[in-house]
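Sequential numbering from 1 along the given sequence is applied to the chain's residues. Atom set for the values below is all heavy atoms of this structure, side chains included, hydrogens, waters and symmetry mates excluded.
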Amino acid sequence: TVNLAYRTEIQTSDSGKEKRIAVRQNPRKDVEFKSVVQKGDYREYLRQMNYWQGRSTIVPDFARFGKLSLPATEGQAFIVVEEIEPWMKVGGLLVMIFGEQRMIRTISDIDEKTIAFSGDIAGTWPVGTKAHKGLSGHLATEIAGTQHTNRALTVSVNFSVDPGYEEFPA
């Protein structure tokens, strides 16, 4: 679930009409993830949340991605995508995901369908690998969950995108 929070001030005139004035030009963005963890994953989840709660991190925006049109190999500092998406910008973050592989890189240049990085690629990335927009922010300090048994839990994790990081159309 993605939540956008706007902030406005309500002023009431003498005639009783309300007027909303924007206090914040861009909304704050929160992303909520829900998952079921059980057995050994439950203990690992508790350890990870204990470590990461309140810390800054980067997560992929699963709704926004491009796909590699050519394979990328270890040591090269660029990828070629099927199409440059509007959110792909110099200085932006890309989170590449294929199977269990993950990699985060900063975009240093864009030329037609080629995206250059500030560092070399680690690993081998086949055609069709997804390159997601990276969101910078932090996990909420409070995490809700429904405990079904002593070894199974449905968790709801909230990730708050850093203010000013997300761009919105004017």
Side-chain angles (χ1 to χ4, degrees), residues 1-10 20 22-69 71-72 74 79 81-83 85-89 91-107 115 117 119 121-169:
T1 308
V2 176
N3 298 310
L4 299 176
Y6 293 87
R7 188 169 185 188
T8 59
E9 181 180 332
I10 301 172
R20 290 188 174 266
V23 176
R24 182 185 303 146
Q25 293 302 315
N26 292 326
R28 297 276 170 88
K29 183 175 184 176
D30 288 334
V31 182
E32 182 181 22
F33 302 91
K34 289 194 179 195
S35 182
V36 175
V37 292
Q38 55 190 349
K39 298 182 183 176
D41 292 338
Y42 178 66
R43 286 188 298 277
E44 180 62 20
Y45 165 78
L46 292 175
R47 274 194 297 276
Q48 291 293 330
M49 289 302 103
N50 186 47
Y51 180 80
W52 283 105
Q53 280 181 306
R55 292 179 185 241
S56 293
T57 190
I58 296 167
V59 299
D61 183 342
F62 290 106
R64 294 190 276 181
F65 62 90
K67 290 185 178 181
L68 270 61
S69 60
E74 185 143 357
I79 58 172
V81 293
E82 294 172 351
E83 183 179 340
E85 301 292 336
W87 54 264
M88 294 177 174
K89 298 185 187 233
L93 295 170
L94 275 185
V95 179
M96 291 180 44
I97 299 175
F98 183 77
E100 294 297 314
Q101 284 191 103
R102 307 283 188 269
M103 182 179 71
I104 300 171
R105 290 293 180 269
T106 301
I107 299 172
I115 298 174
F117 299 126
I121 290 174
T124 301
W125 302 87
V127 172
T129 294
K130 291 184 177 180
H132 295 269
K133 176 179 177 59
L135 299 175
S136 173
H138 62 277
L139 291 175
T141 54
E142 294 181 21
I143 294 179
T146 303
Q147 192 162 355
H148 306 290
T149 68
N150 65 343
R151 300 178 80 183
L153 177 72
T154 298
V155 295
S156 175
V157 179
N158 191 292
F159 180 80
S160 297
V161 177
D162 289 337
Y165 184 79
E166 186 73 9
E167 293 183 18
F168 294 93

Euclidean distance, Phe117 CZ relative to Leu93 CG, rounded to 0.5 Å | 10.5 Å
Distance (rounded to the nearest 0.5 Å) between Arg55 CZ and Leu139 CG = 11.0 Å
Give me the ring orientation class for His132 and Phe65: parallel if the planes are under 30° apart, tilted from 30 to 60°, perpendicular past 60°.
-> tilted
All heavy atoms of Gly66 vs all of Trp87, minimum pair found to be N-CZ2, 4.1 Å
Determine whether Lys130 and Val95 make a side-chain contact, defined as any pair of heavy atoms from C-beta on separated by less than 4.5 Å.
-> no
Walk me through it: do Val127 and Lys67 pass the test side-chain contact (heavy atoms from CB on, under 4.5 Å)?
-> CA-CA 7 Å; Val127 172; Lys67 290 185 178 181; over 6 Å; no
So, for Ile97 and Arg102, which heavy atoms are closest and what is the spacing to 0.1 Å?
-> CG2-NH1, 3.3 Å
If we only count heavy atoms from C-beta on, is the His148 to Thr154 side-chain gap below 4.5 Å?
-> yes
Do Val157 and Trp52 come close enough that some side-chain heavy atom pair is under 4.5 Å?
-> no
Between the CE atom in Met103 and the CD1 atom in Ile121, the distance rounded to the nearest 0.5 Å is 4.5 Å
Output, in order, the C-alpha distance, side-chain angles, deciding distance and verdict of side-chain contact (heavy atoms from CB on, under 4.5 Å) for Leu135 and Val31.
-> CA-CA 10 Å; Leu135 299 175; Val31 182; 4.1 Å; yes
Beyond-backbone contact of Leu68 with Met96, side-chain heavy atoms, under 4.5 angstrom = yes
What distance separates Gln38 CD from Asn150 CG, expressed to the nearest 0.5 Å?
-> 12.0 Å
Check Ile79 against Ala131 and note the closest heavy-atom contact, atom names and distance.
-> CD1-CB, 4.3 Å
